Colleague: 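Got a structure for you, questions after.
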Amino acid sequence: MTSFVNSLAMILQEHLLRKVEGTALVRFDGILLLGEGQDFDKRFLCIGTPDECARALATAESGCLISAGDSEALRQTNKSPAVNLLVTELPLLKLYNICSTNLSDLSRLRDELLETTPRNISNLLHTAFRICQCSAVVVDQNLNLLYEQTRQEHSQRLAALFDQELTGPEAVRSLFGLRELPARPVIRTDARIKFVCVPLRHNGFSGHLICSGEPENRLMEQAALYLRELIEPLLETGTALTAQSLPFQSIFSRIVSERGENDDVLLIGLRNLPVAPKSNMRQILIRSELAVSCEGDRPVLKELKKRAMEFFPNANVALMREEVVVLLSSDTLYCPINFSLAEFDAFLAGNRAIAMIANPVSSVQGLRVMYHQCRRTIPIALAVRHDSRERYLIFSRYAQYHLIDVCARAGKDYMDTDDVVYLCHNGVLTLTRYDRAYQNNLRDVLFYYLMNDRSISRTSSQMYMHRNTLIYKVKQIEELLGESLDDPYTRHSLIFSCLLLRYREMYQKEGVILSPMERNRRGSSESKSQP
């Protein structure tokens, strides 16, 4: 049977009187209610009374019939071995509504899963996780976890399956009440959670897909069975064995250099490392100030890797062309930084190095994207950082500079200019012109004032400025802007514009183009200063 017919049988399980599986796979263009002039059509899922279904069975060669009730005539009618038959105790209208709703859900699910790219098991599970609000894991016949996409509320229940203190049969019994994983799809539901388990078989691979969700989640059964159709062709016997033999250095090199088609193999490789990363991962990219030439200073990076491994004894460490990459992990969603930043800063200073701490991710694709974002952002962060002594850089604090850089490069490609000044709030440009004309610092005052949530005391302390001087300058700023700082959208635009100009001046090494008035003011002030 197709996944839809199987899922219907699972959904209707409490009301199912008989199920006769046919040998033909069927696809449906819709639902057809038999009777009232409607004859059986194998292109549709046909629903009818026992008499209508018996009449259709007499001539049907393939397709699917669902009967609202049973009868002697239906039991005695000869059936083609290719026809699928479900006999229920439900009334016709209720049966029709259930089938119609589930067919609509399946169509949406199928469309989104088929659009998933790149097509690999990890991405398919992620898509189903998003659509169905359910968790999904793939295990081999020894209950080794191969792929995982779990919601936090399901993690504890699923953890019993991988508890090393339990034998395989004990773990399965704790989850499903069975001695071993089933050879056919099964559902187990209690007051808090529902589990669906379907076997996976392909190319010598043997394992199971296990989904979990809320008890009322009616889409999960369809997702599990349709996922099986998509996942099985992607399974390979040698996948786990091939990945198991790769060290972290090789796995991470492949993660950042490939496009994503082999992410499943790389994920299994990560899970089979001696220090297997947990579900949420955070990278740290460490660069040496001594490694000016990548090839010539390889020994410097090797020594840095050795010392990083000593500082992070329980992490995976890889040596790339320009940096050492440390991979930390946690079961906690935000992957907390559980080491002393003060000690890490001392480590970097002692090794004449700088580092960027990435945002947490939970997939191979996330590792790849975050690695390249950090690499691109490091030189920008070094140029625009407010404190030149800052050695560890938090990516989340510099992510907007990465966005600005993406805009600048896109502008160069599509508009033949990388001048990000065109994105600025005009008020910030006004302050910049004023500062240049009168050798003032109103733009910096505005930035720190807004970043300190308009606190006079915190801003004056950070800028080493007298409180009364700061108040006077804030009034000047409000007059020049001509807008109220009470509007949160205005404040956000002003902060972002300050970042834009800092990127323009300190990373691109370009200033804001001066107007003729500013040139005249600057020229006249310079001439007055000359003897």
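Any value given below was found using the heavy atoms of this structure, including those in side chains, with hydrogens, waters and symmetry copies removed. In what follows, residues are counted from 1 in the order of the sequence shown. All of these numbers come straight from a predicted model, not from anything done at the bench.
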Colleague: Which heavy-atom pair separates Asp39 from Leu32 by the least distance, and what is that distance?
Modeller: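 Smallest heavy-atom distance, with atoms named: O-CD2, 3.2 Å.
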Colleague: By the side chain to side chain donor-acceptor pair (under 3.5 Å) test, which pairs, at least two apart or in different chains, include something from residues 333-343?
Modeller: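 Checked against side chain to side chain donor-acceptor pair (under 3.5 Å) - neighbours excluded - no pair reaches residues 333-343.
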Colleague: Just to verify, what does Asp190 make a salt bridge (charged side-chain N to carboxylate O under 4.0 Å, His left out) with, not counting sequence neighbours?
Modeller: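 With neighbours one apart ignored, the set is Arg157.
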Colleague: Is the shortest side-chain heavy-atom distance between Thr49 and Leu92 below 4.5 Å?
Modeller: yes
Colleague: I'd like to know if the side chain of Asn359 reaches the main chain of Phe395, judged simply by a donor and an acceptor atom lying under 3.5 Å from each other, with no hydrogens or angles considered.
Modeller: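 A pair under 3.5 Å: no.
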Colleague: Side chains of His425 and Ser497: any donor to acceptor distance under 3.5 Å?
Modeller: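 His425 and Ser497 do not have a side-chain donor-acceptor pair below 3.5 Å.
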Colleague: Taking only residues two or more places apart in sequence, or in another chain, which ones meet Phe248 in a ring pair (Phe, Tyr, Trp, His ring centres under 6.0 Å)?
Modeller: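 Phe252.
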Colleague: So, Ser363 versus Gln365: side-chain donor-acceptor pair below 3.5 Å or not?
Modeller: no
Colleague: Within the structure provided, determine whether Pro50 and Ser67 are in side-chain contact (heavy-atom separation under 4.5 Å).
Modeller: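 Yes, their side chains come closer than 4.5 Å.
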Colleague: Does atom NE2 (His372) have a neighbourhood of more than 12 heavy atoms from anything else shown, all under 6.0 Å?
Modeller: yes
Colleague: Identify, with sequence neighbours excluded, every residue that meets side chain to side chain donor-acceptor pair (under 3.5 Å) alongside Asp41.
Modeller: Arg43
Colleague: So which of Ile31, Ile66, Thr101 actually passes side chain to side chain contact (heavy atoms under 4.5 Å, CB included) with Tyr96?
Modeller: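 Output: one option passes, namely Ile31.
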Colleague: Could you check if a side-chain atom of Ile337 sits within less than 4.5 angstrom of a side-chain atom of Tyr392, using non-hydrogen atoms only?
Modeller: no
Colleague: Name all pairs fulfilling the salt bridge (charged side-chain N to carboxylate O under 4.0 Å, His left out) condition that reach into residues 121-137, sequence neighbours left out, sorted by first residue then second.
Modeller: Glu112-Arg130
Colleague: Centroid separation under 6.0 Å, is that true for the rings of Tyr503 and Tyr398?
Modeller: no
Colleague: Looking at side-chain heavy atoms only, is the closest gap between Arg55 and Leu34 below 4.5 Å?
Modeller: no
Colleague: Could you tell me if the side chain of Glu483 sits less than 4.5 Å from the side chain of Leu494, heavy atoms only?
Modeller: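 No. Closest side-chain heavy atoms not under 4.5 Å.
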Colleague: Strictly below 4.0 Å, N to O, side chains only: are Arg491 and Asp453 in salt-bridge contact?
Modeller: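 Judged by the 4.0 Å cut-off on N to carboxylate O distance, Arg491 and Asp453 do not form a salt bridge.
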Colleague: Going by side chain to side chain contact (heavy atoms under 4.5 Å, CB included), Leu209 matches just one of Val137, Leu200, Val196. Which one?
Modeller: Leu200
Colleague: Identify the residue among Ile47, Leu90, Leu93 that makes a side chain to side chain contact (heavy atoms under 4.5 Å, CB included) with Ile98.
Modeller: Leu90
Colleague: Would you check if Asp263 and Arg368 make a side-chain contact, meaning some heavy-atom pair closer than 4.5 Å?
Modeller: yes
Colleague: Could I get the full list of side chain to side chain donor-acceptor pair (under 3.5 Å) partners for Arg409, not counting sequence neighbours?
Modeller: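 Partners of Arg409 under the side chain to side chain donor-acceptor pair (under 3.5 Å) test: Asp405.
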Colleague: Nearest 0.5 Å please: distance from the CD atom of Glu214 over to the NZ atom of Lys194.
Modeller: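 Atom-to-atom, Glu214:CD and Lys194:NZ are 10.0 Å apart.
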Colleague: Taking everything shown except Glu72 itself, do over 12 heavy atoms lie less than 6.0 Å from its CD?
Modeller: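 More than 12 within 6.0 Å, yes.
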Colleague: Have Asp264 and Ser122 got a donor and an acceptor in their side chains that come within less than 3.5 Å?
Modeller: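 Yes, Ser122 and Asp264 have a side-chain donor paired with an acceptor closer than 3.5 Å.
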